[in-house]
Amino acid sequence: MKRILVVDDEESIRLLYKEELEEEGFAVEVATDGGEALRKLLLFKPDLITLDIKMPGMNGIETLKRIREMERQLPIIMCSAYGEYKQDFTTWASDAYVVKCADLTELKSTIRRLLRLL
Amino acid sequence: MPGHPDAFDLLKSIIDLSTSSLSMETKLDEMLRTISSSFQSDRCLLLRPDKIIKNGFLFHLSQKRKPIWVDEESPLQREEVLLEEEDLLCPTFVCIPLYDETSFQGILYIGFLRNRKFAPQEVDLLLLIAKEMGEAIQIGHLHRKVEQTISELTALHEMGKAVTSTLKFDELLQLIVETGLKILKAKGGVLRVEDRRSEELRVKCSIGGYDQHPLDEKIAKRVFFTRTPFSLHHSNEEDSFISILCAPLLSKGRSFGTLTFYDKEADPPKFDERDFQLLLTMANQMSFAIENAMKHYEILTMAQENEKRVKQLSTLWELNKVLLTTVNFERIIHMTLTAITIGDGLGFNRAMLFLVNEKDRLLEGTMAVGPDNAEEAGRIWDFLSQRRGSPSELITQIQPSSEGNGVLNSIVKGIQIPLEQEECILSRTVLEGRYFNRRFPQAEEGWLQNRCERGCHLGSEVGCYVGEHLGRDPKAYSFATVPLWGKGKVIGVILVDNLYNQNPITDEDIHFLSMFSNQAGLAIENAILYRNLEEVHQKLKEAQTLLVHQEKMAALGELSSNIAHEIKNPLVSIGGFARRLDRSIPAEASEKQYTQTIMKEVGRLEGILDDILTYTHDGSMTFKELDLREILEETLSMVSGGFNNGGIQLIKKFAGEVPKVRGDYHQLKHAFFNLISNAFEAMNGKGTLSIRIHPILKDGSSFIRVEVEDTGKGIDPENLHHIFNPFYTTKDTRLGLGLPIIHKIVTSHQGQIEVDNRPGEGVTFIITLPASEERRGE
């Protein structure tokens, strides 16, 4: 079973993603900020991470940089409310960029593509 | 032979005569008569030197200086006697040559027809008498010389008196010539003086009209340049004789003029050496007087010029004082023109100002000051002459309203002359940067002779206008133009004329006007700058207001962007959980409808938020060379779901060769996506979507034209002009920001968007984007 770490400061988003992805057959762990994400990375050893960009404290881009220092191959999907960071080259270190949407179809298909489950 | 019977009486009579106050000629006549009667001679003569024939008997006698006694005992050697002398010589005679210390005075001749012998006593007596006669002649000569010298001295004295009596140059010269005429008894005289500036000899005074004589100027020039006096006595075949004396006027070794005299009042009218000497003395003395008078004259002229300068300068100062009182443009030019027209200022009848419009290359009539007709002119001048005060006070008192609305002013304000119209004197004043002073004789019909044939306004309007008043029969019309200089370039032209009093415009007037217009030009330039400053200030104020408005808008945009961010996350969870809920509800349950509604509305809210953020967020655009066909293909693949239902048919017409555009891939894709989505929505699942791309040429430039045509219901004409307004939503469309975003993206790509709206049939959106430069350069 593939393990996914969802990093988001919004509790309802974390809950939604966790339930939806678990339903898809993934093991899901959540983190509320960048610091917790880095700790869980070592403990939980996820196969993929979804990373919110706008977070208090260490934001998604900073967290992405720190994770990449530790895990160069780990697939990471940047999630943001809007597409404004798409052109920001700092997000290019991630593997995908998904704009948050109530319809999680795009997120799910991106996860499956990165985990080669298709 | 015995001694002379009355020798004593004879000697006494001779001595008496010699010491008498009779004139020399009478004295000699009386002496000869006394001798003749005393000796009872047949002939008794005094032969003057000029009566003695050269190389004759008497001539030799005079050379020998010895008396000769001829009688029976000592007869004459006849071979020496000339034929002409034969008659004179009696058988017995005495010849005694008379000499003083220096010269031969004549021969005393006493002849007897009878033979006679001379006693030694008689010989002594006659020698004594001859000596006495010689002395009388000598005294007579001396006397005459003294008299002549005295008269010359008197004349010179008179001349001296005359020349010191006046310092008026012309009067003095006249006096000199007149006195010279008197002294030399000449028929005419000419005085020339060198003109310092042109270095030419000019006739300053001429009496007798001899300056017209062909020789006159030649001789004067020769004497002037050689600084050597010259005399000429010339007679030609027609028996006319001319005698000329000419002397240079010298000062410190250089000549500054000539004095010439013609023809003595005598027959023949020939001057002698004495006259020549006299002229030289005269010229020598007069030189000083003339030079002094010249200097005096020059100083006087200079003083007059200085006085005029000072007056002009003080007027200028007055006028400048006025110009400094304001920076108001209208006021400045009105005061400038008033200063030019009032009598205490520059005193022209009328003044008109034209300013250069650099942008349109035009000369534009700006203002005119001057009476509309002669009556008004008289009234104004009367009025002004009653006013008191300095020019500066007068000028400031005259308000533009009092005459600013005159006919002339309104005519001038309507004049526009292209600067390229080089025949026009006003344009030339600007282009050549110099003044023109023109004086026209009155034309036959009482109209100005219009030299400009290309409809120049000066001729056709001002000129014609002027022409109306020429019915009052003016003799001439004078006008002048001067350029108005402001900071090194000509900013306008001032046109002045003297229509009413027809005074000629002198170079002096122009000079003064130029001086003033230089000052006025600066003042006007400053006023223009000030006016521009005020305009710019006004614009800045407007720009500031706009900026404040835009800042507000930006703040509003940021606010909405922030709000949108905050709303997005909750919305995603609401929508997400609604979907989860929806999946757990059986299709037939009535709750299914509720979850569906939540999902739909959340979707709508998400769309609105996306639009708001795209509109308010500028984003950083990355411009690349793009093929619009690729972008459209990609956009179509995003909405391909719409075609799968089969309700909507797609017609693509893409040209084979389409130039690339420079643009931002994401923005353009967003724009076309919005456009196509709108079309889909408008057709409500059924219809035909046509997309065409082809290159076009517009104004010589290459563009790409994209047409998106739907067969929907079209746009309500009522809403048509609102469709590109942000935040404007029609009742029946989902998105308020779709079209404004498209508009914003297209215009930020230097493109254009047009709408071909056919209510009930459909809409065609036409987007035109410029082809990239690189493509065009190929």
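Quick caveat: nothing in here was measured; it's all calculated off a predicted structure. Each chain gets a letter, A, B and so on, in the order the sequences are listed, and its residues count up from 1.
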Review point. Between A/E19 and chain B, which part of the residue has a heavy atom less than 4.5 Å away: side chain, backbone, both or neither?
Key: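 Both parts, backbone and side chain.
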Check your understanding: Taking 4.0 angstrom as the limit, do B/R583 and A/E20 come out as a salt bridge?
Key ->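 Looking at A/E20 together with B/R583, the answer is yes, because their closest N to O distance falls below 4.0 Å.
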If you count heavy atoms of other groups shown closer than 6.0 angstrom to [atom1] of [X], is the number above 12?
X: B/E566; atom1: CD; value: no
X: B/R629; atom1: CZ; value: yes
X: A/E69; atom1: CD; value: yes
X: A/E11; atom1: CD; value: no
X: B/Y594; atom1: OH; value: no
X: B/K592; atom1: NZ; value: yes

Check your understanding: Do you know the tightest heavy-atom contact between A/A102 and B/G575?
Key ->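 Scanning both residues completely, I find the closest heavy atoms to be CB-CA, 3.4 Å.
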Practice item. Identify the heavy atoms of A/K100 and B/N569 that sit nearest to each other, and give their distance. Key: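 In terms of heavy atoms, the two residues are closest at NZ-OD1, 2.8 Å.
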Practice item. List the steps, then state whether side-chain contact (heavy atoms from CB on, under 4.5 Å) holds for A/L16 with B/R580. Key: CA-CA 9 Å; A/L16 175 70; B/R580 285 188 63 71; 4.0 Å; yes
Exercise for review: Flag the one option from A/I13, A/D52, A/D8 with the top tally of heavy-atom pairs under 4.5 Å to chain B.
Suggested key: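 Highest number of heavy-atom pairs under 4.5 Å: A/I13.
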Check your understanding: Which of these, A/T105, A/L104, A/D103, sits in a side chain to side chain contact (heavy atoms under 4.5 Å, CB included) with B/R579?
Key ->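 Result for side chain to side chain contact (heavy atoms under 4.5 Å, CB included) with B/R579: A/D103.
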Point to revise | A/V99 and B/K568: CA distance, side-chain angles, deciding distance, side-chain contact (heavy atoms from CB on, under 4.5 Å) verdict | key: CA-CA 11 Å; A/V99 176; B/K568 184 68 186 265; 4.0 Å; yes
